[in-house]
Amino acid sequence: MSTNVTVRIPPSPTGRLHIGTARTALFNYLFARHADGRIVFRSEDTDRTRSKREHEDEIVEGLHWLGLDWDDFSRQSEHAARHTELLDGLIRAEKAFVSKEPAKDDPSREVEVVRLKNPGRAITFTDEIRGEITFDTTELGDFVIARSRDDALYHFAVVADDWDAGVTHVIRGEDHISNTPRQILIQEALGAPRPVYAHIPLILDAKRAKLSKRSGATSVMDYRAEGFLPEALVNYFALLGWNPGSDREDFSLAELVEAFSLAGVQKSGAAFDREKLLSVNQRWMRKLSDEAYVSHLNDLDPELDLSNIGKIVPLLKERARTFGEAREMLGGELAFLFAPPSVSKEALLAKTPAGRGAEVQRALERALEALAGLGSEIAANSAKDALMPIAEELEAVGKGSRGAFLWSLRYALSGSERSPDPFTIIYILGADEALSRLRHALALLGAS
RNA sequence: GGCCCUAUCGUCUAACGGCUAGGACAGCGCCCUUUCACGGCGUAAAUCGGGGUUCGAUUCCCCGUGGGGUCACCA
């Protein structure tokens with residue numbers, strides 16, 4: 001592996017795996033893998049009170065689930081001794097100093113924080129995505145870089161760790177733009193090289209504010225639990241703020257690695273659109289083999305009885321946009337496929353013109369006989385071949401009767417005003433169950 | 001509010017000075033059709049405003065305005 005490019009994925013384990021974290025990690029991954037470079041994962045756990053191992057585990061698991069990986073793993077807390085060493089060096093060189101001051105949380109107590117001696121000048125850096133950016137750093141003053149000599153703060157730890165890891169490209173959210181000058185100040189004090197910066201646009205919610213817990217589901221794991229495919233999430237996240245310069249939207253992770261370039265990254269924030277994500281997800285679900293589809297359903301809900309679902313998968317593929325939706329359909333609008341529905345005589349004849357009731361009933365009886373003649377194994381199209389002639393005959397006698405008959409047939413089988421067509425239902429139910437439901441409907445009509 | 005970033009259909013975006021401003025999602029309509037779903041076709045929908053530069057600006061510059069971010073001894 002060449003080492004001309006090294007990026008970092010530095011999540012802080014203080015919460016669940018946020019969509020924004022995942023997308024930033026994805027962009028780093030795409031950039032690095034495209035350049036055949038290195039990726040270092042660094043858990044930024046220096047906030048001892050908020051950092052939790054369970055969060056780190058979820059972040060790692062979620063990122064792996066999306067298909068991302070890295071070449072090196074470390075925790076910032078493991079670098080504490082190195083931070084102290086660097087801090088001491090800075091103090092000795094009089095580029096930083098220890099300052100005795102009242103503690104922020106308890107002013108009666110005195111603490112010794114470390115502050116950077118700020119030369120106080122304008123800092124200009126080049127952002128790969130936005131061009132030159134200049135800040136006046138005088139207003140920053142001699143800012144705090146460590147709570148004490150052995151407890152470095154974020155900005156210092158980041159700069160030190162990036163330096164030690166040989167990070168060449170810092171690709172992160174736009175919200176870090178204003179952090180960059182102070183990190184550059186620390187770099188210069190340390191004598192560390194300046195990496196290339198690329199600040200990617202933020203993901204916004206529907207109200208165009210930075211995505212937060214209030215904006216709805218923001219954890220990648222929530223989407224997994226809802227039955228989204230990692231391929232779909234990756235595909236959609238990549239297109240939020242990046243594009244290949246063409247109309248193409250269908251990308252696998254490997255194809256993204258191939259196509260990715262910072263030049264295609266957008267400058268302004270992108271609103272997260274769940275509808276579009278759903279559409280992308282459905283596209284990926286449809287690519288699955290029926291077997292894989294069922295296996296995903298099983299992963300989502302191990303309690304689900306999927307023993308006789310094989311014939312139903314095509315129906316789910318054309319309807320469900322997530323596996324969660326698919327599961328709901330099995331217990332909802334498609335539940336009639338598993339247990340006989342209740343049917344009403346009125347709905348059975350809902351589309352039958354006045355005075356034609358007897359006619360439709362006779363046709364249903366003929367349908368029953370035709371079906372019985374097919375035997376118990378029904379092929380995909382044989383029900384249609386057997387029953388459509390009856391419908392056509394009816395139409396010849398009275399216009400609109402075909403539709404009335406087919407409606408009644410379908411309703412007798414599904415007990416629902418909206419459902420797949422009767423032939424598909426018969427195929428799925430099998431001859432015995434279909435005949436039983438038809439008999440039941442006929443009995444209802446006969447009871448007039 | 002200071003500082004910084006930013007600005008093409010409702011949303012994601014294409015067009016890196018020169019085409020009727022293109023695509024996708026959502027919307028709407030039509031077709032297919034026994035209903036639903038799928039599918040096919042079509043339609044509506046945008047260059048924030050004002051100045052420049054230029055033969056010519058969505059594109060380059062400036063000023064407004066809008067939006068966003070950030071202002072910790074959090075990361």
Side-chain angles (χ1 to χ4, degrees), chain A residues 10-15 21 44-51 76 99 101-105 111-115 127 129-131 133-137 139-140 143-148 151-155 157-158 173-182 199 201-202 204 206-210 236 239-250 263-264 266-280 282-283 286 314-320 329 333-334 350-351 388 391 395 400-411 414 416-424:
Chain A
S12 81
T14 52
T21 304
E44 308 229 309
D45 58 349
T46 50
D47 185 334
R48 297 205 189 112
T49 55
R50 290 197 301 150
S51 294
Q76 197 151 56
S99 165
E101 36 194 275
K104 265 281 171 65
D105 51 345
V111 293
E112 296 190 339
V113 300
V114 181
R115 291 181 176 273
D127 185 289
I129 294 164
R130 295 151 207 281
I133 299 175
T134 300
F135 280 87
D136 177 2
T137 65
E139 62 202 50
L140 259 32
F143 57 91
V144 177
I145 56 177
R147 292 186 189 90
S148 67
D151 195 2
L153 248 17
Y154 171 70
H155 292 296
V158 162
E174 190 182 359
D175 49 345
H176 282 286
I177 290 181
S178 55
N179 288 333
T180 306
R182 85 175 67 201
H199 289 95
L202 259 22
L204 277 18
K207 291 179 193 145
R208 302 204 68 83
K210 189 170 155 182
Y236 179 67
L239 260 15
L240 262 190
W242 172 85
N243 75 82
S246 70
D247 288 342
R248 184 174 171 196
E249 293 195 346
D250 193 346
Q266 214 68 23
K267 292 188 181 75
S268 56
F272 183 86
D273 182 2
R274 183 181 163 86
E275 285 300 317
K276 176 88 177 189
L277 205 212
L278 284 167
S279 149
V280 171
Q282 181 168 40
R283 211 179 61 223
R286 285 175 175 172
L315 291 185
L316 293 174
K317 276 186 176 174
E318 72 182 30
R319 283 152 208 265
M329 284 171 190
E333 64 185 87
L334 295 178
K351 302 295 176 187
M388 236 11 219
E395 182 73 5
S401 296
R402 175 180 58 193
F405 163 66
L406 290 171
W407 166 278
S408 300
L409 177 64
R410 190 182 58 72
Y411 178 79
S414 71
S416 171
E417 308 207 340
R418 305 173 352 161
S419 77
D421 69 84
F423 313 117
T424 302

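Just so we're clear, the structure is a prediction, and the values are computed from it rather than from any experiment. Residue numbering restarts at 1 for every chain, and letters A, B, ... go by the order of the sequence lines.
The residue Thr14(A) sits apart from the nucleic acid: no heavy atom pair falls under 4.0 Å. If you check every strand for non-hydrogen atoms under 4.0 Å, His199(A) touches nothing. If you check every strand for non-hydrogen atoms under 4.0 Å, Glu417(A) touches a base. Using a 4.0 Å heavy-atom criterion, one finds that Arg286(A) contacts the sugar-phosphate atoms exclusively. As judged by a 4.0 angstrom heavy-atom cut-off over every strand, Glu249(A) is placed among the base-contacting residues. Using a 4.0 Å heavy-atom cutoff across all strands shown, Val111(A) reaches at least one base atom of the nucleic acid.
Remark: P of rC74(B) and NE2 of His155(A) are 10 Å apart, rounded to the nearest angstrom. Nucleotide rU13(B) holds its P atom 14 Å from the CG atom of Asp247(A), rounded to whole Å.
In terms of the side chain to side chain donor-acceptor pair (under 3.5 Å) criterion, residue partners of Glu101(A) (sequence neighbours excluded) are, by chain and number, Ser99(A), Arg115(A).
Within the shown strands, rG18(B) is the pairing partner of rC55(B) under the Watson-Crick or G-U definition, both distances less than 3.5 Å. Nucleotide rU70(B) has rG2(B) as its partner under the Watson-Crick or G-U criteria, with both atom distances under 3.5 Å. Of the nucleotides present, rU43(B) is the one that pairs with rG27(B) by Watson-Crick or G-U wobble criteria, both distances under 3.5 Å. Within the shown strands, nothing qualifies as a pairing partner of rC9(B) under the Watson-Crick or G-U definition with both distances less than 3.5 Å.
Put simply, the side chain of Asp127(A) gets close to the backbone of His199(A): a donor and an acceptor are under 3.5 Å apart.
There is a side-chain donor-acceptor pair under 3.5 Å between Asp421(A) and Thr424(A).
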Query raised in the report: Base, backbone or nothing for each nucleotide of nucleotides 63-72 of chain B, written B, S, -, heavy atoms under 4.0 angstrom, 5' to 3'?
Result: -----SSS--

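Nearest nucleotide to the Pro422(A) side chain, out of rA7(B), rC25(B), rU34(B): rU34(B). Of all nucleotides listed (rA75(B), rC25(B), rU34(B)), rC25(B) comes nearest to the side chain of Glu275(A).
Using a 4.5 Å cut-off on side-chain heavy atoms (C-beta onward), Met388(A) and Arg402(A) make contact.
Put simply, Asn243(A) has no side-chain N or O that comes within less than 4.0 Å of OP1 or OP2 on rU13(B). Put simply, Gln266(A) has a side-chain N or O that comes within less than 4.0 Å of OP1 or OP2 on rA14(B). The side chain of Arg402(A) contributes no N or O atom lying less than 4.0 Å from OP1 or OP2 of rU35(B). Side-chain N/O atoms of Thr46(A) include one lying less than 4.0 angstrom from OP1 or OP2 on rA75(B).
Comparing Glu44(A) and Lys276(A) along RNA chain B, the residue whose closest nucleotide (by nearest heavy atom) sits nearer the 5' end is Lys276(A).
For the C1' atoms, the distance linking rU33(B) with rG66(B) amounts to 48 Å, nearest Å.
Nearest approach of Ala270(A) to Gly241(A), heavy atoms of both residues: CB-N, 4.3 Å.
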